[in-house]
There are 2 protein chains.
Amino acid sequence: MRSTGPRSTLADVAARAGVSKSLVSLVMRNEPGASAETRRRVLDAADELGYHPDRGARLLRSGRSRLLGVVFGIQHAFHADLVTALYTAARETGYELALSAVTPDRDETEATAGLLQDRCEALILLGPQTPTASLARLATRLPVVVLARGVRGAAVDVVHTADADGLHQAVDHLVQLGHRSIAHIDGGHAPGAAQRRRGYRDAMCRHALDRHTRIIRGGLTEEDGAAAARALLADPPTAVTVFNDRCATGVLDVLAHHGLKVPDDVSVVGYDDSRLARLAHVNLTTIAQDTATMTRLAVARAIDRVEGSTITHRDVVPPHLVVRSTTGPPTSP
Amino acid sequence: MRSTGPRSTLADVAARAGVSKSLVSLVMRNEPGASAETRRRVLDAADELGYHPDRGARLLRSGRSRLLGVVFGIQHAFHADLVTALYTAARETGYELALSAVTPDRDETEATAGLLQDRCEALILLGPQTPTASLARLATRLPVVVLARGVRGAAVDVVHTADADGLHQAVDHLVQLGHRSIAHIDGGHAPGAAQRRRGYRDAMCRHALDRHTRIIRGGLTEEDGAAAARALLADPPTAVTVFNDRCATGVLDVLAHHGLKVPDDVSVVGYDDSRLARLAHVNLTTIAQDTATMTRLAVARAIDRVEGSTITHRDVVPPHLVVRSTTGPPTSP
DNA sequence: ACGTGAGGCTGGAACGTTCCAGAGTCTGCG
DNA sequence: CGCAGACTCTGGAACGTTCCAGCCTCACGT
């Protein structure tokens with residue numbers, strides 16, 4: 001049933017065309033050094049035999065896999081968005097992506113190990129939790145780009161959003177709508193949480209709203225958001241900025257269950273502009289990370305390194321506010 | 001800065017451990033033939049050198065990649081659950097997973113092509129939309145296992161849930177609670193939708209509730225659920241079974257926004273028991289697909305085929321009801 | 001005492017490429 | 001005429017594995 005036809009090799013093609021292996025190799029790689037006539041003969045022979053070069057052997061000899069490894073959290077909606085964008089960013093570069101997922105049973109170390117076996121030439125890590133020291137050690141073996149997390153110090157390239165800036169925009173927007181009692185549900189120890197927290201605090205200061213500053217411990221999951229929202233119910237602010245969209249979803253949910261109207265009673269701003277936020281029935285006002293730019297940069301940095309660059313880059317990409325329907329002017333001050 | 005340390009090889013490890021390459025090879029593959037003591041020495045040496053076997057070279061020599069390709073939809077919460085389970089299912093088998101994602105910009109054909117280049121020995125496709133004919137064609141090249149979709153006819157192995165059975169259980173549960181007006185929000189043309197629809201219809205019949213049968217066009221996203229729920233608002237049933245959890249989330253959302261209490265006013269049952277359903281603040285009663293069993297079977301089928309089996313299997317795994325907090329007795333009949 | 005067999009280990013030949021050094025042939029030019 | 005250089009082409013050595021045949025050593029049974 002299955003045509004387990006024996007794969008033909010360079011040698012087979014060479015024999016059929018009456019030339020040497022080396023010559024066939026040249027022709028297959030489209031390199032100069034063969035006459036037009038032989039070239040055609042070789043190509044014909046290859047075609048007749050249904051020859052396809054063996055990637056593994058090629059890699060083994062040449063040492064180049066043209067593969068970029070990507071480590072991502074499979075449960076993470078925003079990572080899904082990033083991976084999607086990474087695929088398109090890599091499309092025209094001549095490099096391909098190799099995916100390795102982090103799951104509850106499979107940590108980053110394991111995910112990374114898998115990619116090393118594939119001989120990836122560089123690694124792109126999405127919001128890695130790996131301690132900086134380990135990252136640095138990894139970076140001695142091959143180029144590493146950290147995406148969507150601001151790591152300090154390690155000799156790795158970093159691409160992330162101007163986290164604080166995002167919260168400035170969020171607070172500005174709310175203040176402009178007339179809000180004064182604006183809380184922040186933070187991301188705990190999650191990557192970027194500290195910066196966003198600081199952004200919130202600074203912005204409140206700038207608007208002379210220090211005394212309204214109110215930070216509730218959140219996290220990065222829906223759960224965390226729900227818990228934080230419940231903590232807020234006793235004395236709700238008129239607006240709340242949330243660490244990320246996923247967490248904001250939990251907040252919205254709890255508010256709805258307790259009869260609080262969004263945005264009439266409470267305005268909510270998320271962060272990421274993940275697929276979640278764009279859903280019509282959620283339609284969340286949020287701070288959009290510029291995934292297209294970030295992923296394009298990440299891929300470019302990785303390739304630069306592969307091709308010999310030794311400059312360490314840290315790219316901070318500005319986010320922007322996307323106003324949807326979860327924010328509006330406060331009804332009662 | 002970066003030592004661009006040359007990748008260490010079997011030979012390096014061998015030198016450091018004071019044994020031969022062959023011995024190291026044995027140890028790395030976990031084959032018998034080395035004493036416990038040397039084994040440890042070799043493992044230590046490998047660790048110190050940060051050695052990772054080169055998959056390409058391995059494949060080149062042995063002709064076996066020991067790789068199972070997995071094609072999945074990266075936007076799909078339930079696929080994430082499946083991939084997670086697949087990793088654990090594959091863990092002890094000696095095979096590894098190669099992931100290839102389907103994104104809005106990257107269709108199944110492209111995802112599959114990538115895996116073929118990696119010389120995967122078999123393919124596991126998650127809820128593929130590819131037409132049966134193409135699947136059959138693909139199956140002539142290498143073993144193919146279709147997971148979470150009941151494909152007819154093609155010479156591929158299939159592992160899926162007893163879809164209709166799930167809806168029987170859902171309806172039985174609701175009837176037992178005292179519901180009579182039970183609607184179904186279906187999945188349109190999605191894989192499995194037809195079977196679930198039929199399961200609902202049959203179960204309603206069996207309980208002599210034919211005249212309450214009410215099917216609303218849904219789909220597999222939150223959007224679809226939200227739209228369907230809005231259609232239901234004019235004359236809400238006391239309970240509704242929904243195509244999947246994702247869709248059910250949309251339903252819950254709309255109900256909450258319109259002040260309908262769940263489960264007091266309306267009971268809701270989902271399908272999949274995806275991570276979504278298990279969230280504390282959602283806590284959705286749902287039909288759990290047995291992902292552990294399904295993935296274990298899928299991996300086993302793939303490996304059987306790789307190892308020469310020519311029997312075509314179709315495994316139908318029974319789902320089971322998980323009662324959480326979105327179902328309860330109807331308050332007013 | 002001696003074969004015997006098993007367990008632990010080694011050396012070298014593959015696998016299908018690419019890369020390098022060189023071997024012919026031909027052209028043009030001093 | 002001879003020789004440099006360009007153009008074609010060839011042979012063989014890598015690349016990092018796995019696989020195979022075989023070599024010790026030791027304990028065991030007779």
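Quick caveat, the model's predicted, so the values are computed rather than measured. Sequence lines set the chain letters: A, B, ... in the order given, protein chains first and strands last, and positions in each chain run from 1.
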Given atom [atom1] of [X] and atom [atom2] of [N], what is their separation to the nearest angstrom?
{"X": "B/Leu10", "N": "D/dC19", "atom1": "CG", "atom2": "C1'", "result": "13 Å"}
{"X": "A/Leu59", "N": "D/dC15", "atom1": "CG", "atom2": "P", "result": "14 Å"}
{"X": "A/Leu26", "N": "C/dC19", "atom1": "CG", "atom2": "P", "result": "10 Å"}
{"X": "A/Lys21", "N": "C/dT17", "atom1": "NZ", "atom2": "C1'", "result": "8 Å"}
{"X": "A/Arg64", "N": "D/dA14", "atom1": "CZ", "atom2": "P", "result": "22 Å"}
{"X": "A/Tyr51", "N": "C/dG16", "atom1": "OH", "atom2": "P", "result": "10 Å"}
{"X": "B/Glu31", "N": "D/dC20", "atom1": "CD", "atom2": "C1'", "result": "13 Å"}
{"X": "A/Leu23", "N": "C/dT25", "atom1": "CG", "atom2": "C1'", "result": "15 Å"}

- Side-chain donor-acceptor pair under 3.5 Å between A/Thr112 and A/Arg141, yes or no?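 No, because no side-chain N or O of A/Thr112 sits under 3.5 Å from a partner of the opposite role on A/Arg141.
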- Message: Under 3.5 Å, is there a donor on one side chain and an acceptor on the other for A/Thr38 and A/Ser35?
- Response: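 Side chains of A/Thr38 and A/Ser35: pair found under 3.5 Å.
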- Item | Nearest-nucleotide comparison on DNA chain C, the residue closer to the 5′ end among B/Gly33 and A/Asp54 |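 It is B/Gly33, whose closest nucleotide lies nearer the 5' terminus.
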Could you check which of [options] has an atom nearest any side-chain atom of [X]?
{"X": "B/Leu60", "options": "C/dT17, D/dC9, C/dC15", "result": "C/dC15"}
{"X": "A/Arg119", "options": "D/dT18, C/dG8, D/dG16", "result": "D/dG16"}
{"X": "B/Ala57", "options": "D/dT18, D/dT8, D/dG16", "result": "D/dG16"}
{"X": "B/Arg58", "options": "D/dT18, D/dT10, C/dT18", "result": "D/dT18"}

Counting the atoms with a prime plus P, OP1 and OP2 as sugar-phosphate, which does [X] contact under 4.0 Å by heavy atoms, base, sugar-phosphate, or nothing?
{"X": "A/Pro53", "value": "sugar-phosphate"}
{"X": "A/Ser22", "value": "base"}
{"X": "A/Ser25", "value": "base"}

- Message: Are more than 12 heavy atoms, taken from residues, nucleotides or ligands other than B/Arg314, located less than 6.0 Å from that residue's CZ atom?
- Response: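 Buried by this count: over 12 neighbours within 6.0 Å.
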- Query: Looking at B/Pro318 and B/Ala162, what are the two nearest heavy atoms and their distance?
  - Reply: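 Result for this residue pair: CA-CB, 4.3 Å.
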- Query: B/Arg119 and B/Ser65: which non-hydrogen atoms are nearest, and at how many Å?
  - Reply: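 Distance-wise, the nearest heavy atoms are O-OG, 2.7 Å.
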- Does B/Arg61 get its side chain close enough to the base of D/dT18, under 3.5 Å, for a donor-acceptor pair?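 Result: at least one qualifying N/O pair found.
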- Task: Using only side-chain N and O atoms of B/Arg7, determine if any of them is under 4.0 Å from OP1 or OP2 of D/dC15.
- Result: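 Answer is no, no contact under 4.0 Å.
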